[in-house]
Amino acid sequence: MNAVANAYLDRVPIIAISRRFWRAADKSVAMPVKLSALWQATKDAGQMRYLDGGGMGCMTNGIKPDRHRRLFHHLTFYGFLLCFASTSSGTIMHYLFNCPVPYPWWTPPKVMGVPRDLGLVISAALVQARGQGTGFDIDPKRSARAGSIRVRPAASHVQAVRDATLVLSTVIARQTETAAKSVAPVTKQLVQGHVTKSGLDFIDGVAMDTVPRCGVGVPLLACGPRARWVAQRLIPAGFDIQDIGADFGAVAGIKLTRSIFIKGLEALFADMALMGAQIDQTDRVLSSIQTTFPSVDWRKISGYHLKRMVLHGARRGDEMRDCADMLAGAGLNAQLITAIAARHAVIGRDAPDYQGETVDDFTAAMTGQPS
């Protein structure tokens with residue numbers, strides 16, 4: 001009996017708080033409340049009256065009300081109500097009537113539990129299905145994999161963005177002025193001018209980690225007048241996006257300044273590995289670095305970054321040339337960045353089919369010697 005009492009007594013504070021809120025919201029409400037008012041409030045809650053968008057349906061992550069989404073909300077709402085009812089009936093049967101689980105199919109916990117589960121599962125599946133995006137890639141192989149990540153493949157970029165509320169353009173630096181993504185802040189501002197002339201909003205965004213490792217949860221920085229609006233719609237879909245302000249080009253500057261370190265470190269790794277192999281002392285050099293900086297696994301991190309340098313060297317070379325332009329525009333010497341750009345371009349060109357994982361794999365691929 002104590003268990004039954006404890007299961008329901010925790011609802012008493014909620015009821016009391018609701019009563020106080022009702023009085024605070026409308027001083028004219030008489031107490032005790034009339035049964036007709038309670039009945040009307042119950043009907044309004046059951047119909048989800050104040051989520052109907054004025055009769056047009058519940059709001060989506062976009063800007064249009066959707067009647068289908070209203071149905072999904074009802075399935076979820078009543079699924080939770082049945083969950084409460086099913087659990088409550090099970091508690092009563094267990095403690096009052098000494099009927100422990102499992103229950104026969106015709107008992108209240110099962111009769112209410114099945115539609116409960118169906119409502120929750122179906123609503124979640126339907127929301128997920130309707131939340132599917134559309135995408136286009138110039139590489140047919142990547143387009144063929146679209147279905148595995150809940151993306152409908154489109155035949156062209158025009159078809160992909162037709163009727164879209166939100167468009168994510170993820171292209172490489174050399175395609176800067178033919179698409180809405182670039183690297184250099186000044187180029188982002190140029191693209192923003194082109195896009196907004198057509199009546200659209202433009203958000204500048206950059207990824208601050210690798211997509212293969214993080215997936216859709218890769219940390220993103222966004223800026224622009226509508227960056228907060230975009231973040232509010234992408235975060236529920238699993239994106240890790242942070243709005244840093246309204247100034248265009250801000251996140252591009254952060255990304256490129258970070259790249260000075262990351263891409264510069266990779267260029268150092270490459271020449272260290274190649275020179276170490278030349279004198280047959282790579283292991284001794286890495287051991288020495290490990291002793292100086294023991295908190296980092298230098299063999300692992302150097303192998304990882306060398307692999308990325310080989311696979312993405314051409315694109316990273318373009319990015320670092322944009323970085324050099326940024327430094328020059330700020331009145332700084334860009335000779336080192338220009339050299340890093342050239343090094344990435346060469347490494348990416350010399351081993352296009354690289355599949356290695358270690359420093360030895362890298363040197364073998366670059367020198368033609370077995371690892």
Side-chain angles (χ1 to χ4, degrees), residues 59-66 68-69 127-209 211-212 214-252 254-255 315 318-319 322:
M59 298 300 292
T60 66
N61 287 342
I63 59 175
K64 298 179 181 179
D66 188 343
H68 292 90
R69 192 172 183 86
V127 168
Q128 185 180 43
R130 288 183 63 81
Q132 189 178 47
T134 301
F136 170 75
D137 199 300
I138 59 175
D139 185 344
K141 293 181 179 179
R142 285 196 291 263
S143 291
R145 296 199 302 267
S148 64
I149 56 173
R150 293 181 53 246
V151 174
R152 290 186 296 267
S156 67
H157 63 283
V158 175
Q159 185 186 58
V161 303
R162 184 177 293 127
D163 299 325
T165 300
L166 184 62
V167 176
L168 303 180
S169 176
T170 55
V171 298
I172 59 178
R174 71 182 65 150
Q175 296 170 317
T176 294
E177 294 194 35
T178 58
K181 176 182 177 291
S182 67
V183 177
V186 66
T187 314
K188 289 284 184 76
Q189 294 164 358
L190 177 64
V191 174
Q192 179 262 335
H194 290 316
V195 172
T196 54
K197 282 180 181 178
S198 62
L200 302 176
D201 293 307
F202 176 75
I203 302 302
D204 179 9
V206 296
M208 300 301 289
D209 207 328
V211 175
C214 303
V216 72
V218 63
L220 301 173
L221 299 181
C223 64
R226 300 274 294 199
R228 183 179 299 275
W229 182 89
V230 171
Q232 290 173 343
R233 281 149 182 80
L234 291 182
I235 289 174
F239 284 73
D240 178 6
I241 181 169
Q242 180 181 358
D243 165 29
I244 69 165
D247 295 334
F248 284 110
V251 296
I254 296 173
K255 171 72 171 180
R315 173 177 63 79
D318 292 336
E319 179 182 341
D322 278 341

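- Atom CG of L220 sits about 12.5 Å away from atom CG of D243, to the nearest 0.5 Å.
- When all heavy atoms are compared, the tightest approach of A222 to I241 is CB-CD1, 3.9 Å.
- Between A250 and I244, the shortest heavy-atom distance links the atoms CB-CD1, 4.1 Å.
- Contact detail for T134 and A154: the closest heavy-atom pair is CG2-CB, 3.8 Å.
- Nearest heavy-atom pair across D209 and V218 is O-CG2, 3.4 Å.
- Looking at every heavy atom in both residues, D204 comes nearest to A252 through OD2-N, 3.9 Å.
- Listed for the K255 side chain is no donor-acceptor partner under 3.5 Å among the backbone atoms of M208.
- In this structure, V206 and I254 have side chains that are not in contact, with every pair of non-hydrogen atoms separated by 4.5 Å or more.
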